[in-house]
Every structure is written in C-alpha cells, then in structure tokens.
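One structure is given below, encoded as structure tokens.
Throughout, a chain's letter reflects where its sequence line sits, starting with A, and its residues are numbered from 1. As the structure is a prediction and not an experimental result, all values here were calculated from the model.
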Amino acid sequence: MTTPKDTHMSSYSPADLEPKWQQAWNEGDVFLAKRDESKPKYYVLEMFPYPSGRIHIGHVRNYTMGDVVARYKSSTGHNVLHPMGFDAFGMPAENAAMASGGHPKTWTYANIDTMVDQMKPLGLSIDWTRMFATCDPEYYGQQQAMFIDMLGKGLVYRKNAVVNWDPIDMTVLANEQVEDGRGWRSGALVERRELTQWFFKISDYSDDLLSSIDHLDNWPDKVKTMQKNWIGKSRGLQFSFSLIDGPANQDRVEVYTTRPDTLNGASFVGISADHPLAKSLAEENPEIAAFCEECRKGGTTAEEIEKAPKLGFDTGLKVRHPFDTAWELPVYIANFILMDYGTGAVFGCPAHDQRDFEFATKYDLPINAVFEPIEGEAQSGEAYVPMKTDKVRYTRGFSGEDIQTGDDAVNAAIDFCEANGVGTGVTKYRLRDWGLSRQRYWGCPIPVVHCETCGVVPEKKENLPIELPDDVSFDIPGNPLDRHPTWRNCACPTCGADALRETDTMDTFVDSSWYFARFTAPRATTPTIAEDADYWMNVDQYIGGIEHAILHLLYSRFFARAMNETGHLPDSAREPFNALFTQGMVTHAIYQNAERTDDHGRAIYHYPEEVEERDGETVVKATGEKIKVIPSAKMSKSKNNVVDPVEIIKQYGADTARWFVLSDSPPERDVEWTASGAEASAKHLTRVHRLAAELDAQPEQGQGDEDLIRAAHKAIVDVTLGIDSFGFNASIAKLYGFTNAIAKSKAGRDAKRFALKTLAQLMSPMTPHLAEEMWSLLGGEGLIVHAPWPEADEAMLVEAAVTMPIQINGKRRAEITVPKDMPKEDIEKLALKADVVVKALDGGQPKKLIVVPGRIVNVVI
RNA sequence: GCGGACGUGGUGGAAUGGUAGACACACCAGACUUAAAAUCUGUUGGGCGUAUGCCCGUGGGGGUUCGAGUCCCCCCGUCCGCACCA
C-alpha cells in the first residue's frame with residue numbers, strides 16, 4: 001500500500017543504487033592506484049584467496065574488513081593500494097582433474113572468473129587492473145627468475161628428505177592425502193621414504209627472523225609467540241657418548257640436550273631409526289632392520305609421530321657416561337626420535353621427562369632423580385618436570401649451590417662440561433630448512449636442468465618462463481610431468497648437450513611468499529621494479545586468517561629477506577608487513593549423515609538447506625535420515641557447510657552483507673554463521689536510508705539541535721576509534737546508537753542534515769553504496785568517496801557532569817552525579833552523606849574510603 | 001603429544017582492575033490497521049518480594065585486591081597450527 005509520503009520518496013533499493021554507484025566509481029577510476037609522492041601511501045592487503053570455485057562468507061568478511069581500512073585511509077588523505085589476486089596453484093585443481101577429467105588450468109581459470117564475478121558486486125575498493133593469478137606464466141616465470149637468483153646466492157640447495165610414499169599407487173602423497181596412516185585412493189599403509197629434494201636455506205635466517213619479531217609492534221602477540229616457538233631457539237650442550245664395541249668407524253654417539261643439568265640422571269641413549277648407527281646395525285641384524293622398517297611406517301607429520309605409541313629396541317650396545325666411564329648406558333632405537341632435529345640421538349632422563357619416564361617404565365630402565373622440590377616430594381608415578389625458571393633442590397647436580405633454577409643449573413652444567421672437555425654449549429633452532437619440492441604437476445616448475453656432464457644447472461633466464469605443458473592426463477597417479485613424452489627433454493644451458501628438466505614443481509607457499517611485492521608492479525618483466533617497490537612497500541596493513549600465523553608469514557618474511565639480497569626488494573622491505581590483523585573464521589555446523597556412508601565408506605555431508613529440526617532431532621528433509629550435527633566447524637567445501645554470500649547479496653544487496661559480517665562479532669574471533677542477522681541488517685539500512693530521504697519533510701526549526709550535534713561529534717570519535725583499532729563491531733554498535741539518536745531527535749532540519757551527513761560518512765567504509773546515495777540525497781558535494789573523513793570538535797565532547805556509582809564493600813549501592821572536575825575531597829564528603837552510606841555506617845567511621853574521580857567511590861566498612 | 005588462543009543471558013556480543021550484560025537478534029506485550037505485513041513504543045540474566053529492595057550470577061575450583069569477566073595458579077571444554085591442504 002502506498003501512502004502519500006511514499007509518492008515523493010524513493011525507497012531503499014540496493015539492486016538499483018549499488019550498480020549505479022559502482023559505475024560512478026569505475027568511471028572516475030577512483031580505486032586506480034598510482035604513485036603520488038605528494039601523499040602518504042597506504043598499502044592494505046588481504047590474504048589472497050585460493051580459487052576453490054565460489055567465494056564464501058568468510059571471504060566476504062575478510063575483504064570487507066580490508067575494504068573498510070582502505071576506504072577509511074583513503075578518506076584520511078592517503079594514497080591507497082588495495083589489490084587482489086589468486087593463489088592459484090595447488091592440489092585441488094589436480095584432484096578436480098582426476099575426478100572429472102578436465103584440466104587443472106581450465107578448472108582454475110574458470111573458478112577465478114566466477115569468483116571475480118562474485119566479488120565485484122561487493123563494491124570493494126580494489127584496483128582490479130593489478131589482478132593476477134600465481135598460475136599465470138607471467139607471474140611464475142618471475143618466480144623462476146628469483147629461484148635462479150637465490151640459487152646463485154646459495155639460498156637453495158638439494159638434500160634428502162622424507163615423503164609419504166604410497167606403495168600401491170607408487171606415488172608421493174601429501175599429508176592431507178594420508179588418512180589414518182593409509183593412502184586416500186589406494187588404502188595402502190603409507191611409508192616414509194627418502195627423496196632428493198630442493199630446500200630454501202631459511203635456517204640461515206633463524207636468528208634474524210627470531211630477533212626481528214620484537215620489532216613487529218603491530219602484530220598480534222599470539223602470532224609473535226607462535227613464530228618464536230616455531231623457530232625455537234634453545235641453548236644446550238652438544239657432546240658425545242663413547243660407544244663400546246660399536247660397528248666399524250662408529251665409536252661415539254653425538255647428542256644434543258637442552259637439559260644437561262640432568263645428565264647425572266641419564267639411564268639410556270635413544271637414537272632415531274634413521275641414525276647412521278641404526279642403519280649400520282640394521283645391515284648386520286635383520287631384527288633391527290625390521291624394527292627400523294616398522295618405525296618408518298606411518299605418515300611424516302609431527303603429530304602422527306608424536307602420538308604414535310612409543311616403541312624402542314635395545315640394540316645391545318652400550319655407551320659410557322662422560323663423567324663416569326664405569327657407568328654404562330644401553331642404546332635403544334626409538335620411534336619418537338627425529339633425525340631432522342638435533343643430532344638424531346638423545347639421552348633419556350626418566351626422572352625429569354615424561355616421555356622418557358614412560359619409555360623407562362616400559363623397558364624397565366632405572367629412574368634416577370637429579371633434583372627434587374624444595375619442599376615436599378615429587379609425585380610418584382610420573383616425571384618431575386618443573387618450569388626451568390622455578391628453583392629446585394639439586395641432589396645430583398653440577399654446581400656448588402644446592403638450590404637453583406633449572407636455567408641456572410643448565411648454564412652451570414654447560415660451563416662444567418666445557419671446562420672438563422666433555423662438550424660445548426651450542427645454540428640450536430627448531431626451524432628446519434624449507435623443503436619446496438613437490439612431485440606434482442600444477443605448480444611452478446623448478447627451473448633447473450639435469451645434465452649428465454654438468455650436473456644440476458639452472459636454466460638460462462632468457463628461456464623463462466619454463467611453462468607447464470598443457471597436454472597431460474591425470475587418469476593414473478603420479479606426476480604427469482615425469483611421464484610426459486617430450487617436456488623433460490631440453491638442451492643443457494651450460495654445454496648444450498641433451499639434458500632433462502627437473503620435474504618437481506614448487507610448494508605453493510613459494511607462490512604466496514612474494515605476491516605482495518609483485519602487486520607493486522604486477523606486469524613488470526622483472527620480479528619487481530625498484531621505484532614501485534620503494535614507493536609501495538611495505539604492506540601497511542595485512543589481514544588474514546590465524547591459520548597462517550606460522551608458515552605463510554614466516555616464509556614471506558624469509559622471502560622478503562631473500563628478495564632483498566637478490567636485489568628485488570629494498571632494505572626497508574626485509575620485514576614486509578608493518579601491521580598484521582588475524583581475523584577469525586566463519587564457522588558453521590556440519591551435518592553428517594548418521595545412518596549411512598558412501599560407497600567407499602566415507603561420511604556423507606548434507607547442506608544446511610537439506611536438513612531440518614523434527615521432534616528435537618536433526619534429520620534430512622527428503623529422507624528423514626538422522627543427522628549427526630558437528631558444531632562450529634571451519635567452512636569447508638568437502639563438508640558441504642559453506643555459506644554462499646551470493647544469495648544474500650541478491651536478496652538484500654552488498655551493503656547489507658558487508659554490514660552484517662562486520663557487526664556483532666569481534667573481527668579476530670571466529671563467528672558462527674546464522675542467517676537470522678542478515679534480515680535485521682537490511683532493516684537497519686532501510687531505516688537509515690529513510691531517515692536521509694525524509695530529511696526535506698522535517699520542520700526547519702526544532703528542539704535539541706545542540707544535543708544532536710554533540711551526539712554526532714561523539715559518534716565521530718567513537719566510530720573512528722573503532723575503525724582504528726579493528727573494532728568494527730564496536731563502531732557499528734555506536735552507529736546504531738547514533739542512528740537511534742537521530743531518529744528520536746526533534747532537532748531542526750539543518751542539525752539533522754549535519755547529523756545525517758556525518759552518519760553517511762561514518763558508514764561509508766562499511767556500506768559505501770548507501771553512503772553515496774545518502775550523500776547525494778543530503779546535498780553533499782561530489783562523491784562521498786572523495787570527501788575527507790569528518791573531524792570531531794573537541795569543544796562539543798566535553799560533558800559537564802559525571803555519574804559515579806557508590807559502592808559499599810565493593811557492591812554498588814547508590815550513585816551520585818557531580819561536576820566533572822570536582823575535587824576528590826568534595827566527592828568524599830558527598831559520598832559520605834549519601835543515605836545508604838549513612839545507614840550502613842550507623843554513626844561509625846569507614847575503614848577505608850576509595851575515590852577514583854570520574855570512576856567510582858568505594859566505602860569499606 | 002607439542003605450541004597458541006578462546007569460554008559472559010534464549011542468541012551474537014559489550015565492559016583502560018571500577019555500575020556485568022552496551023549495541024543488536026529472538027521472544028513477549030502494546031500502538032497503528034478491517035486484517036496482515038511494515039513501522040513505532042515498551043519488557044526481557046536467574047531467584048525472592050506488592051514494593052523501596054535483597055540474594056545469586058561471566059566454564060569449574062582456589063588465590064591476589066577496597067574492588068576481578070578482566071590479574072595469578074590448577075582443572076574442564078572448544079578451536080587453530082604442527083613443516084606436502086591452502
């Protein structure tokens with residue numbers, strides 16, 4: 001039904017006004033980033049997506065946050081770079097090719113097209129002219145050039161490393177392709193097998209990457225802590241046990257320990273199944289060989305190895321304790337010792353290490369305490385493992401002092417051992433070199449050639465990019481590059497003889513470790529261009545998921561250093577991300593069919609719209625089958641719990657979707673998706689639009705103009721503070737409050753116009769289309785996207801009076817309103833006169849009176 | 001197993017160590033309407049009470065403090081990462 005008012009008032013129609021304003025921005029090239037030395041630059045970047053097929057609501061949340069920052073910074077006078085691209089290499093494309101017979105390239109580019117089409121209606125302030133995908137030869141060719149430069153600088157090398165090997169499919173498996181220790185396609189028990197592979201020497205930078213963390217002031221502490229722990233600097237003792245009657249050429253076992261203070265509690269030596277000594281013994285002794293083979297069963301992940309039941313094999317060999325040559329310790333091969341870390345050998349001190357304790361209990365080895373609690377006794381039945389910073393009483397320690405901290409005792413032990421020639425203090429890092437070889441097709445080819453005479457040589461730069469061949473098939477497992485009839489054949493870049501290309505491709509982490517630098521000059525015929533990199537780097541604000549807290553960010557930090565050393569980035573960009581924000585994930589329940597599985601015995605998942613509540617149970621609408629609800633899980637295409645934002649945009653518009661994903665939840669926290677909020681957001685935006693559209697119907701004169709103007713200035717402060725601190729939900733709460741104030745206000749037209757224009761500006765980073773529309777309705781000049789951010793007038797913020805609660809013994813009993821600047825003594829007097837206080841004191845004196853001006857009064861009785 | 005976080009009404013959440021539940025959703029009631037929708041107004045943590053009000057309450061247990069959702073210790077639960085998923 002139409003009211004007379006409606007006839008001269010357009011209603012809120014996102015479907016009309018959103019394309020209209022997007023067109024206006026495009027025609028004005030508003031988001032095109034150009035170098036402009038007259039303005040401070042601001043580079044805001046959201047972690048680029050993998051082109052999985054469709055965008056999901058998590059993407060919308062991520063990009064909207066970045067867009068709020070980009071638009072806000074732009075309106076505060078910055079020259080903003082806000083690009084977008086695709087992390088487009090990787091296994092899902094190959095899996096899709098295996099499943100449906102297409103080509104990874106076709107699949108990937110089709111997905112990119114779809115996702116761009118889905119992203120553009122969101123009205124993001126992105127410079128789309130800079131877009132690229134990492135699978136563009138234009139991009140990965142430059143990556144190959146950098147690989148060659150890094151090879152020249154000694155930052156890349158080859159060594160053996162273990163992979164998951166599927167003995168039936170005869171292929172290397174990724175960790176995610178191993179399910180319960182079995183290959184996902186063949187079902188075969190997976191084995192660990194060694195291959196020669198390429199590595200980046202990230203370990204050269206362990207100390208740099210660690211110590212520089214302290215200067216990352218605008219990174220979340222949790223990410224910094226995780227990176228520090230990952231790099232894992234430790235001070236310890238390296239020494240050797242002399243081996244009694246060992247195999248030829250092996251008379252000692254080198255050991256590294258971070259707890260040399262417990263050396264006198266040693267009761268065995270454990271070595272990895274891949275330790276040279278274990279390998280020698282295995283040659284002679286089939287039983288040992290079988291045990292080592294057993295240890296190699298299972299996947300390569302740390303988690304799997306750590307969780308596996310602890311197994312040991314007594315080699316029968318003994319070593320001598322370094323301090324007492326009569327003291328002999330047995331040597332075990334154990335499945336929980338990694339050859340990659342330290343020396344691949346440890347000594348076990350069961351009294352002070354839980355894992356050693358369990359091992360000693362299982363194999364009946366002695367448990368000798370080295371220290372004990374200062375008071376009381378250590379609990380029996382488990383290892384006594386206090387913090388290294390705690391003081392304990394040493395009973396079999398090294399130094400004179402009986403009571404000291406573990407840290408002091410470790411240092412004393414190292415000093416003692418060095419003085420006695422038993423070993424040396426050594427600083428080690430947990431961080432391992434970055435294995436980048438992948439035995440897969442859909443990745444950046446490693447640009448090296450294997451020549452019979454010249455060995456492994458880099459490809460000539462003029463031959464780059466080494467492009468992937470298109471004529472490949474995925475009907476059988478393994479790397480199609482390996483079995484391609486001609487692609488491998490090439491001329492040796494050094495001698496010109498017939499040679500073979502490397503068929504390994506690069507880890508996709510390599511692709512994402514420098515894309516941020518490439519965005520500064522995305523079409524350059526070198527990896528970067530100095531002027532552009534100098535101007536735009538660093539990324540001022542990086543935004544992405546917490547799941548990338550360690551690997552992606554650490555690899556990118558390494559790459560920035562390597563690019564600096566190969567001349568592709570300036571010194572100032574060695575630490576590439578000035579500020580980091582980690583947004584939470586959008587989660588959604590997973591609906592798993594509880595009654596049946598598919599033909600392969602795998603779980604069946606249902607889409608949210610396929611299920612319903614029936615008599616308090618969740619069931620499949622169509623069949624009535626019972627559903628197991630797995631709450632709050634990360635959205636995953638394979639689990640069918642992905643929420644598609646396209647429908648929401650179609651129904652309510654992009655501004656509603658943007659407003660909704662920003663409201664309610666703090667951005668760093670995970671949010672459980674519920675559809676109910678979208679409608680409420682749409683209603684609110686409709687209301688805001690109506691307020692602006694109805695302005696001309698307001699009387700010119702009114703009441704409370706000043707109150708409304710004050711509210712506007714307060715809103716400017718609150719909303720700006722929220723945006724500056726990534727408190728978008730807080731900003732939105734304040735915007736709700738401000739909108740309510742405008743709606744209720746009886747102020748005159750001019751005051752309302754000011755308030756509404758301020759509201760439009762404050763909303764413009766979040767709901768840019770609606771803001772433009774309001775701006776135009778309210779008679780704003782030009783585009784709101786070009787309007788400077790509003791500034792609050794300090795004079796309008798001062799409040800005359802302040803209300804303070806009065807507590808009695810910490811419980812609120814009354815409140816008083818006093819002038820803002822009233823001295824403490826006067827507040828005290830007033831508080832003591834309050835009825836409840838007089839009653840409670842009953843003529844007596846308070847024990848204590850606490851007055852925090854402007855905050856609280858607490859009377860202690 | 002190791003490392004990191006998180007836990008507050010029916011729901012999402014707010015709260016520089018200072019009035020717990022801002023703001024919103026949902027629910028309920030009312031106004032408008034022939035009616036419905038939309039819109040507007042009001043109520044809503046639990047318990048007791050006619051009421052001024054009182055008691056309880058931020059996963060559980062302890063502690064520090066005049067005062068703890070916030071700081072410390074222990075426990076429980078959930079989530080993220082663990083080097084070939086991206």
Given the P atoms of C23(B) and U41(B), what is the spacing between them in whole Å? 13 Å
Side-chain atoms of Lys744(A) come closest, of U41(B), C85(B), A86(B), to U41(B)
P-based separation of A20(B) from U58(B) [nearest Å] | 12 Å
Protein-proximity profile, nucleotides 21-26 of chain B, B/S/- by nucleotide at the 4.0 Å heavy-atom cutoff, equals -BSSS-
(message) Is the ring pair His684(A)/Tyr736(A) parallel, tilted or perpendicular, if the boundaries are 30 and 60 degrees?
(response) tilted
Leu580(A) atom CG is separated from C80(B) atom C1', nearest whole Å, by 15 Å
Those residues at least two apart in sequence (or on a different chain) that pass side chain to side chain contact (heavy atoms under 4.5 Å, CB included) with Met339(A) are Ser272(A), Asp274(A), His275(A), Pro276(A)
Rounded to whole Å, CZ of Phe660(A) lies from P of G13(B) at a distance of 11 Å
- Task: Give one of base, sugar-phosphate or nothing for Arg669(A), where a contact means two heavy atoms less than 4.0 Å apart.
- Result: sugar-phosphate
Please enumerate all protein N or O atoms sitting under 3.5 Å from an N or O of nucleotides 72-75 of chain B, with distances to 0.1 Å.
none

Sidechain-backbone polar pair: Arg61(A) side chain, Gly584(A) backbone, donor-acceptor under 3.5 Å: yes
Read 5' to 3' with Watson-Crick or G-U pairs under 3.5 Å, [ ] for crossing pairs and | for partners on another strand, RNA chain B gives (((((((..(((.....[....)))(.((((.......)))).)((((....))))..(((((..]....))))))))))))....
If we ignore hydrogens and angles and just use 3.5 Å, is the side chain of Asn160(A) paired with the main-chain N or O of Glu194(A) as donor and acceptor?
no
Worksheet entry | Modelled atom types, side-chain donor and acceptor of Gln143(A) and Asp511(A), under 3.5 Å | yes
TODO: Could you tell me whether a side-chain N or O of Gln354(A) sits under 3.5 Å from a main-chain N or O of Ala383(A), the two making a donor and an acceptor?
DONE: yes
Assign each of Pro805(A) and Thr508(A) the nucleotide of RNA chain B bearing its closest heavy atom; nearer the 5' end lies the nucleotide of Pro805(A)
- request: Quote, to the nearest angstrom, the P distance that separates G10(B) from G17(B).
  value: 27 Å
For the backbone of Glu191(A) and the side chain of Arg296(A), can you confirm whether one donor and one acceptor N or O come within less than 3.5 Å of each other?
no
Close N/O contacts between protein and nucleotides 62-66 of chain B (under 3.5 Å):
from: C66(B); atom 1: OP1; to: Lys848(A); atom 2: NZ; distance (Å): 3.3
from: C66(B); atom 1: O2'; to: Asn858(A); atom 2: ND2; distance (Å): 3.4
from: C66(B); atom 1: O2; to: Asn858(A); atom 2: ND2; distance (Å): 2.5

- Query: Are any side-chain N or O atoms of Lys222(A) and backbone N or O atoms of Ile546(A), one a donor and one an acceptor, separated by less than 3.5 Å?
  - Reply: no
### Task
For nucleotides C71(B) and C25(B), find the distance between their P atoms and express it as a whole number of Å.
31 Å
request  = With heavy atoms under 4.0 Å as the rule, sort Val172(A) into base, sugar-phosphate or nothing.
outcome  = base
Out of G4(B), A86(B), U19(B), minimum distance to the side chain of Arg812(A) belongs to U19(B)
With heavy atoms under 4.0 Å as the rule, sort Pro666(A) into base, sugar-phosphate or nothing.
sugar-phosphate
Using modelled atom types only, decide if a donor and an acceptor are shared between the side chain of His352(A) and the backbone of Val385(A) within a distance under 3.5 Å. no
Practice problem: On the 0 to 90° scale, with breaks at 30° and 60°, tag the Trp442(A)-Phe89(A) ring pair as parallel, tilted or perpendicular. | Solution: perpendicular
With heavy-atom distances below 4.5 Å as the criterion, would you say the side chains of Val859(A) and Arg813(A) are in contact?
no
Q) Is a side-chain N or O of Asp166(A) found less than 3.5 angstrom from the main chain of Thr171(A), in a donor-acceptor match? A) no
Once you apply a heavy-atom cut-off of 4.0 Å, does Gly232(A) come out as touching a base, just sugar-phosphate, or nothing?
nothing
Answer yes or no: is there a donor N or O on one side and an acceptor on the other, between the side chain of Arg192(A) and the main chain of Gly299(A), under 3.5 Å?
yes
>> Donor-acceptor check, side chain of Thr134(A) to backbone of Ala88(A), threshold 3.5 angstrom: yes or no?
In response: yes
- Task: Would you mind classifying the nucleic acid contact of Gln197(A) as base, sugar-phosphate or nothing, using non-hydrogen atoms under 4.0 angstrom?
- Result: base
Does atom NZ of Lys746(A) have more than 12 heavy-atom neighbours, drawn from other residues, nucleotides or ligands, at distances under 6.0 Å? no
**Request:** Can you tell me, in whole Å, how much space there is between the C1' of G9(B) and that of A26(B)?
**Result:** 12 Å
Practice item. Please work out if Phe336(A) contacts a base, only the sugar-phosphate, or nothing of the nucleic acid, heavy-atom cut-off 4.0 Å. Key: nothing
**Request:** Determine: side-chain N/O of Thr225(A) to OP1/OP2 of G4(B), distance under 4.0 Å, yes or no.
**Result:** no
- Is it true that Arg355(A) and Glu306(A) have a side-chain N and a carboxylate O under 4.0 angstrom from each other? yes
In numerical order, the residues of residues 303-311 of chain A whose heavy atoms come under 4.0 Å of RNA chain B are Glu303(A), Glu306(A), Lys307(A)
Result for 5'-nearest mapping on RNA chain B, choosing between Met804(A) and Val162(A), is Met804(A)
Could you tell me whether His684(A) contacts a base, only the sugar-phosphate backbone, or nothing, with contacts defined as non-hydrogen atoms closer than 4.0 Å?
-> nothing
Of the candidates A5(B), G3(B), A86(B), the side chain of Lys222(A) sits closest to A5(B)
### Query
Does any N or O donor sit under 3.5 Å from an N or O acceptor when you compare the side chain of Arg813(A) with the base of U19(B)?
no
From CD1 of Ile861(A) across to C1' of G67(B) the rounded distance in Å is 14 Å
Ile202(A) backbone acceptor or donor facing Asp433(A) side chain under 3.5 Å:
yes
### Task
Under 4.0 Å between any heavy atoms, over every strand shown, what does Leu849(A) touch: base, sugar-phosphate, or nothing? Just pick one.
nothing
- For Gln354(A), which contact category applies under a 4.0 Å heavy-atom criterion: base, sugar-phosphate, or nothing? nothing
Please give the distance between the P atoms of U39(B) and C27(B) as a whole number of Å. 13 Å
Select base, sugar-phosphate, or nothing to describe what Trp434(A) touches, counting heavy atoms under 4.0 Å on all strands. nothing
Between G59(B) and A14(B), how far apart are the two P atoms, rounded to whole Å? 14 Å
Inset, instruction - Tell me yes or no: between the side chains of Trp198(A) and Glu502(A), is some donor less than 3.5 Å from an acceptor? - result: yes
Of A83(B), U19(B), C80(B), the nucleotide closest to the side chain of Ile546(A) is C80(B)
Self-check item: P gap between G3(B) and C75(B), integer Å
Solution: 13 Å
Among A83(B), A86(B), U19(B), the one nearest any side-chain atom of Ala302(A) is A83(B)
- Item | Note, Asn95(A) side chain near Met98(A) side chain (heavy atom, < 4.5 Å) | yes
